[in-house]
**Q** 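The following block contains the structure, expressed as structure tokens.
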Amino acid sequence: MSWLAIPYGLVFIFFFFIPLLLTLIVSFWDYNEYSIIPDFIFENYIYIFDNCFTFSNSLCVTFKTYLSTFFFCILAWLFTLLIGFFIAFFLAFYVKTTKWQIVLFLICTIPFWTSNVIRMVSWIPLLGRNGLLNEFLLDLSIISEPQEWFLYSEFSVILALVHLYTLFMIVPIFNSMMRIDYSIIEAAYDAGANWFQVLFFIIVPLCKTGIVIGSIFVITVVMGDFITIGIMGGQQLASIGKIIYVEMSYLQLPSAAANAVILLSITILMIFIMTRLIDIRKEL
Amino acid sequence: MTKKINRRVMLQTTSGFVAASAVTLSAPAIHADGHAVVRYLGTAVNMGDEIEKRLFEDTGIKVKYISKTTDEVTKSILTQPNSFDIVDSEYFSMPKLVPSGNILGMDTTKIKEWDNVTSVFTKGMTPGGKKIGLQGTAPSKVMYLKDNTSKEFSSEPSRWATLIPTVYNADTLGIRPDLINRPINNWSELLNPEFKGKASILNIPSIGIMDAAMVVESMGEYTYPDKGNMTKDEIDLTMKIFTEAKKSGQFRAFWSDFNESVNLMASGETVIQSMWSPAITAVRSQGIPCIYQPLKEGYRAWAAGFGLPATTKGKQADVCYEFINWYLSGWVGAYLNRQGYYSAILPTAQAYMEPYEWDYWMLGKKATKDILSPTGQKLASVGEVRDGGSYEDRMGGVACWNATMDENKYMVRKWNEMIAS
């Protein structure tokens, strides 16, 4: 029955493998203002790592940008995991009827109902200098003057990332939890385990697959993100996606391709490490 | 055999599928339901429904808008020149577009009002004789081609123009007078520590660098021989000053989207920033005071016009010329003037404007009636004067133009470094 895989195989080849191969090829090409020139040069890569290995006291742009992207990645992952896990836990074990599970699931998708522009506009009245949060804290005399770091800061970027991508954690973890045989949990309680022990020694290990799949979603999305980091960071925080975007809009395609190849390699490496830690195939 | 290969050819040779689908999708629809159709590629700035309607009433030509951002318009001309019939592009893109051979010289003998094109474009001076700053890619430098299919600019006027000019303006900083409470007269105020955390600059490198250069000159840090064509050292210097300002928290945010600039200003997150004319109008229409502040060092100007891709030929080209002639015949000119831009053909635009409108927008006189936008919103009350005053004062005060530099590659890279710092 292996021929059943042909349609998907073709889609995969034409829309994934070939474009990727072209990106790889173009990353070795030369370019000028208005065209790209077939060649085989390493300029684009050398350019990216310019000044990176001189061991001067300041980091090069590429390393700095990756560090900042990793920083967002780790924090966004941590918070989406914690929040997502407990939301999934609640949905799977405390919401009894399927109807309510669906209703609550839909509520979790609310962040996706609006466009980026709307979200961008709507954070200002909430977190801005004259926003609701500042006014509320001023009224309670918790702060004496408006706080600027609520918006256009690392804080607001992570807030927005968590707000957006927690759903990507909830879905696979919820899926894993629904497949746990409830009698195992009952057996644990009967054997004298408390709530905490059930959670950490039964449920978490059985949700490993869901956690890894969710983590892959969140990490890959955040690694390539430039819109959320751009908008919530006031365009002042660097991301690799933004650099690629700027290069593309100035038709520096080979340079953008080289950056994309590096970003892709790093992301694939991260996923590779995660799948080594837990064998997704075996667990499914 | 040239080694250079444009990317359209590259696409066709590397991927037959992509090329094939692109060709089918872009087959020109010249006479859908009996009417001539013009596929018009440009930024959304000049694409009003009213213009579309009026065009059809006057000429029977239907226009199909293809709206993209400035950078994407350039990209489309280079990569998909057969996806549109006519393009509305900016003069500063010409040094990129003309050498590609993807746009044709425009035959000025087919343009009825050609002799009336404002001297801003043809001579680099205002009609009143004021000399305009020509630093950067000033339209008068890239106006003419040597011949129809030439890839080189002609310094002498010739029959062939790169673009037929339509609209242009002089840009400056926008401020919130109610939150600043004192006069602002210099570009250097953008980096004044008084506005720490309340300033913004636009994050479009080729335009942002020009604003940055105006600031650096105004601070007295450096005087550029040509702001629009910096050397690597000059780019380093400019970016160093802005990187330090950024690190010390001068900027609340950088903006790259028109709406972002409106929101930053309207919410009071910023009180001084780079801004475009219609954004000021948008803030004001929310009832919030906002001024397009004229500054001592002058304005940064831009200009746009119509060009034809090399693929538009024969009958379809005739339809495009008819469209351009209609565009320049006055009704659209008046429409653009009422938005706060300027029309390239002033006499025809004047014929379509009321004298009190002309006095306000062009002569810098006090409004004697309420000033309305083309869509009917009130922009100014009786007694108000346009920011910056008359056409002569504003265009005469232009210091530089949006530019494509020789060191563009280096500049974009340095700009990225500033964002990452």
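Naming: A, B, ... by sequence-line order, numbering from 1 per chain.
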**Q** Can you tell me if Arg252(B) uses its side chain to pair, donor with acceptor, with the backbone of Glu148(A) under 3.5 Å?
**A**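 Pair found, side chain donor or acceptor close to backbone of Glu148(A).
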
**Q** At their closest point, which heavy atom of Ser267(B) faces which heavy atom of Asn130(A), and how far apart are they?
**A**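 Scanning both residues completely, I find the closest heavy atoms to be O-ND2, 3.2 Å.
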
**Q** Checking the side chain of Gln236(A) only, and the main-chain atoms of Phe251(B) only, is there a donor and an acceptor separated by less than 3.5 Å?
**A**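 Yes, because the side chain of Gln236(A) sits within donor-acceptor range (under 3.5 Å) of the backbone of Phe251(B).
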
**Q** What's the spacing between Tyr152(A) OH and Thr270(B) OG1 if we round to 0.5 Å?
**A**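 It is 8.5 Å, given to the nearest 0.5 Å.
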
**Q** For the CG atom of Asn416(B) and the OG1 atom of Thr62(A), what is their distance to the nearest 0.5 Å?
**A**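 One finds 10.0 Å between CG of Asn416(B) and OG1 of Thr62(A).
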
**Q** As an exercise, state the distance from OH of Tyr250(A) to OG1 of Thr404(B), rounded to the nearest 0.5 Å.
**A**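 Tyr250(A) atom OH to Thr404(B) atom OG1 measures 8.5 Å (nearest 0.5 Å).
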
**Q** How far apart are the closest heavy atoms of Glu260(B) and Gln235(A), and which atoms are they?
**A**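 What the structure gives for the nearest pair is OE2-NE2, 3.6 Å.
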
**Q** Just so I understand: if I count every heavy-atom pair under 4.5 Å between each of Thr65(A), Ile243(A), Ile25(A) and chain B, which residue has the most?
**A**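 Sorted descending by pairs with chain B, the first entry is Ile243(A).
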
**Q** Given 3.5 Å as the limit, does a donor-acceptor pair link the side chain of Glu72(B) with the main chain of Ser249(A), or not?
**A**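 Pair absent, no side-chain N/O of Glu72(B) close to backbone of Ser249(A).
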
**Q** Has Met270(A) got more than 12 heavy atoms of other residues, nucleotides or ligands less than 6.0 Å from its CE?
**A**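 Yes.
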
**Q** Heavy atoms only, distances under 4.5 angstrom: which of Lys198(B), Lys96(B), Glu269(B), Glu417(B) has the most pairs with chain A? Name it, please.
**A**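 Looking at each option in turn, the highest pair count goes to Glu269(B).
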
**Q** Heavy-atom distance under 4.5 Å between the side chains of Leu251(A) and Lys75(B), does that happen here?
**A**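 With C-beta onward as the side chain, the pair touches.
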
**Q** Quick one: CZ on Arg413(B) to CG on Asp50(A), what's the gap to the nearest 0.5 Å?
**A**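 Going from CZ on Arg413(B) over to CG on Asp50(A), the span is 4.5 Å.
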
**Q** Take atom CZ of Phe49(A) as the centre, draw a 6.0 Å sphere, and report whether it contains more than 12 heavy atoms from other residues, nucleotides or ligands.
**A**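 More than 12 heavy atoms, drawn from other residues, nucleotides or ligands, come within 6.0 Å of this atom.
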
**Q** In terms of heavy-atom proximity below 4.5 Å to chain A, should Asn203(B) be classed as side chain, backbone, both, or neither?
**A**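 Just the side chain, heavy atoms under 4.5 Å.
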
**Q** Is the count of non-hydrogen atoms from other residues, nucleotides or ligands lying under 6.0 Å from Phe70(A) atom CZ greater than 12?
**A**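 Above 12, so yes.
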
**Q** Measuring from Tyr410(B):OH to Tyr47(A):OH, what's the distance to the nearest 0.5 Å?
**A**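 Answer rounded to 0.5 Å: 8.0 Å.
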
**Q** So what's closer than 4.5 Å to chain A heavy atoms on Ile204(B): side chain, backbone, both or neither?
**A**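 For Ile204(B), heavy atoms of backbone and side chain both lie under 4.5 Å from chain A.
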
